[in-house]
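Inspection log for the structure reproduced underneath, given as structure tokens.
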Amino acid sequence: MGRTLTPGTRVVGPPLVLHGHHPLRGNATTWHVTPVEQAQCLAAQAEFVVERAEGHISDPAAWSQVEKEVLVMTATETRDLVQRIASR
């Protein structure tokens, strides 16, 4: 985890929005998971931009204003995250 987007990548489509609780602090948390398209697909792993913010945020205007943690994750890392959130 903790990779950055490389030149030539762009976010594709609307995000998957997940609401849950922070795994350590227990407070309400919102995640946006968005696939990225890579300019060069030669053996490239699928990647997703995962944004996390404190609170249960459902308003797009509020989401655009809130402070977020942003990570780039592989498909496997993203699947594991979504499963952890859904199981709580």
Side-chain angles (χ1 to χ4, degrees):
M1 287 196 278
R3 289 177 296 280
T4 58
L5 289 175
T6 57
T9 54
R10 67 181 185 91
V11 175
V12 180
L16 167 66
V17 179
L18 302 165
H19 297 282
H21 292 87
H22 191 279
L24 300 176
R25 295 187 288 264
N27 55 323
T29 304
T30 301
W31 288 266
H32 280 200
V33 178
T34 310
V36 294
E37 179 181 86
Q38 298 181 2
Q40 300 198 354
C41 297
L42 301 174
Q45 288 186 324
E47 291 188 327
F48 295 81
V49 173
V50 178
E51 300 172 284
R52 185 190 63 77
E54 302 291 327
H56 182 98
I57 304 167
S58 55
D59 178 34
W63 180 259
S64 69
Q65 299 294 317
V66 72
E67 183 177 330
K68 298 175 266 305
E69 175 185 15
V70 180
L71 298 170
V72 177
M73 300 175 126
T74 66
T76 301
E77 292 168 333
T78 303
R79 184 195 67 231
D80 292 346
L81 174 68
V82 170
Q83 287 176 342
R84 281 195 311 269
I85 294 167
S87 69
R88 294 185 185 257

Review point. Hydrophobic clusters join Ile, Leu, Val, Met, Phe, Trp and Tyr when side-chain heavy atoms are under 4.5 Å apart, directly or via other members; which others share one with Ile57?
Key: Trp63, Val66

Give, for atom [atom1] of [X] and atom [atom2] of [Y], the distance between the pair rounded to the nearest 0.5 Å.
| X | Y | atom1 | atom2 | value |
| --- | --- | --- | --- | --- |
| Thr34 | Glu47 | OG1 | CD | 13.0 Å |
| Arg79 | Met73 | CZ | CE | 12.0 Å |
| Leu71 | Phe48 | CG | CZ | 14.0 Å |

Point to revise | Shortest non-hydrogen contact from His21 toward Gly26 | key: CD2-O, 3.1 Å

Practice item. Could you tell me which non-hydrogen atom of Ser64 sits nearest to which non-hydrogen atom of Ala61, and how far apart they are? Key: OG-O, 2.8 Å

Point to revise | Sequence neighbours excluded, every pair satisfying salt bridge (Lys or Arg N to Asp or Glu O under 4.0 Å) that has a member inside residues 12-26 | key: Arg25-Glu54

Review point. If you look only at pairs with a residue in residues 60-72, which of them pass as a salt bridge (Lys or Arg N to Asp or Glu O under 4.0 Å), with sequence neighbours excluded?
Key: Arg52-Glu69

Point to revise | All side-chain contact (heavy atoms from CB on, under 4.5 Å) counterparts of Ile85, not counting sequence neighbours | key: Leu18, Trp31, Leu81

Review point. Among all residues two or more places apart in sequence or in another chain, which pass the side-chain hydrogen bond (donor to acceptor under 3.5 Å, both in side chains) test with Thr30?
Key: His19

Review point. Are any side-chain N or O atoms of Thr29 and backbone N or O atoms of Asn27, one a donor and one an acceptor, separated by less than 3.5 Å?
Key: yes

Review point. Please, which pairs that meet ring-ring contact (aromatic ring centres under 6.0 Å, His included) have at least one residue in residues 68-88, sequence neighbours excluded?
Key: none

Check your understanding: Restricting to pairs with a member in residues 66-88, which pass ring-ring contact (aromatic ring centres under 6.0 Å, His included), not counting sequence neighbours?
Key -> none

Practice item. Quick one: do Val49 and Val70 satisfy side chain to side chain contact (heavy atoms under 4.5 Å, CB included)? Show the steps, please. Key: CA-CA 7 Å; Val49 173; Val70 180; 3.8 Å; yes

**Study point:** Heavy-atom side-chain proximity of Asp80 to Thr76 below 4.5 angstrom
**Key:** yes

Practice item. Check the pair Thr78 / Val50 against side chain to side chain contact (heavy atoms under 4.5 Å, CB included), numbers first and verdict last. Key: CA-CA 8 Å; Thr78 303; Val50 178; 4.3 Å; yes

